[in-house]
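Worth knowing before you read on, the calculation uses all heavy atoms, side chains too, and leaves out hydrogens, waters and symmetry mates. Just follow the structure's listing: the first ligand is 1, and inside any ligand the first atom is 1. Quick caveat, the model's predicted, so the values are computed rather than measured. For this chain, numbers begin at 1 and follow the sequence in order.
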Amino acid sequence: MINVTRSSMPSFEEYCEEIKELWDSRWLTNMGAKHRQLQAELEQYLGVPHVALYTNGHLALENILTAMQFPKGGEVITTPFTFASTTHAIVRSGLVPVFCDVNDVDYTMDVSKIEELITEKTVAIVPVHVYGNLCDVDAISQIAQKHGLKVIYDAAHAFGVVKNGVSAANFGDASMFSFHATKVYNTIEGGAVTFADDALVQVLNDMRNFGMSGPESVPYVGGNAKMNEFQAAMGICNLRHLDAEIAKRKAAVEQYRKRLSGVEGIRLCPEQDGVISNYAYFPAVFDGYTYTRDEVFAKLCEQDIIARKYFFPLTNSFACYADYPTAGTEKTPAAAYIADRVLTLPLYADLSVEDVDRICDIILQVKD
Ligand SMILES: *Cc1c(COP(=O)(O)O)cnc(C)c1O
């Protein structure tokens, strides 16, 4: 069986060595030594002034949206071509998602459609670096500056992506990363917010810890979103091997590209200019191909190969948003078109070239 993803892990011995000290310190969570070490290592690795660690990426996004203290009911321009988390985080922070369509090249926010969605209620833009493809960060930053909006990136897919020497963690006012087991870099479950504004350090620290700034002072209505020491230890280990893991992913992606580029009816994302990819996902769009997306999905399934319809359904078609005036996939036709035709193929560091060939053989099988 080949699953869509398979978690990267250090050796058993390496992880045991890393967590050994916890049996001496008996300090298991609440910003312990491992937490502080991982935070410093990530600030260095990503080249950002500040990293705040979280128990998962979703709560990291909710926390930064709440920390911005937008007026309740403020509108946030985002895209529906993403994981449920992005839209839910906006709504759970008391804000209203306004869905912008995506472009049909890399499936990130269509920057030519942002300004027409801005109203006097708009407070922020939450674009998604979907599949690790970077958004048009320059255009988004220009629009945000012109209209006085904050930009918070859902960078869950973009850990390790670098554009012209600058890591994806440096764009906008803040970026959220997910370190979930299925992502390029994992801390079992985990996440982070990266940002430059010194004033946010204390706010985020307090907000992820019940809004408490000390044992007797509680300035914020906060929840519990702290990363624990076992998660941080996994992160410390996995960071040592990240570059090697990304290199292995690259080899798998190159084989996919070799087999599937130029095939009529199959569309692949082009490599982005000046961008070093993290090879997070390998989406293929079946548009006028011998088989439909659902047929390819089923053919792979028959052989115990699990691909994913990322991202279908679009978040603006979710039942929970049926009553929202901003919902409805007809407002985002390009996203709807791709969502009906896209399949992300299995991809992880240990996926062999032979496995990629087996998957491509099934996809390319002639119809009998
Ligand atoms: C994984 C993911 C999240 C949520 O991250 P968790 O760490 O699983 O909470 C948010 N947005 C996108 C686009 C994701 O893929």
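- A search for ring-ring contact (aromatic ring centres under 6.0 Å, His included) contacts involving F99 returns nothing, not counting sequence neighbours.
- By the ring-ring contact (aromatic ring centres under 6.0 Å, His included) test, F159 pairs with Y45, F177, F179, Y185, sequence neighbours left out.
- Contacts of ligand 1 (protein heavy-atom distance under 4.0 Å) are N56, G57, H58, T82, F83, S85, T86, D154, A156, H157, M176, S178, H180, K183, G190.
- Of the charged side-chain nitrogens involved, none lies within less than 4.0 Å of a carboxylate oxygen, so that E302 and K299 do not count as a salt-bridged pair.
- Taking 4.0 Å as the cut-off between side-chain N and carboxylate O, R257 and E254 do not count as a salt-bridged pair.
- Electrostatic pairing of D287 and R293 does not count as a salt bridge here, judged by no charged N lying under 4.0 Å from a carboxylate O.
- Checked against ring-ring contact (aromatic ring centres under 6.0 Å, His included), H157 has the following partners two or more places apart in sequence or in another chain: Y281, F311.
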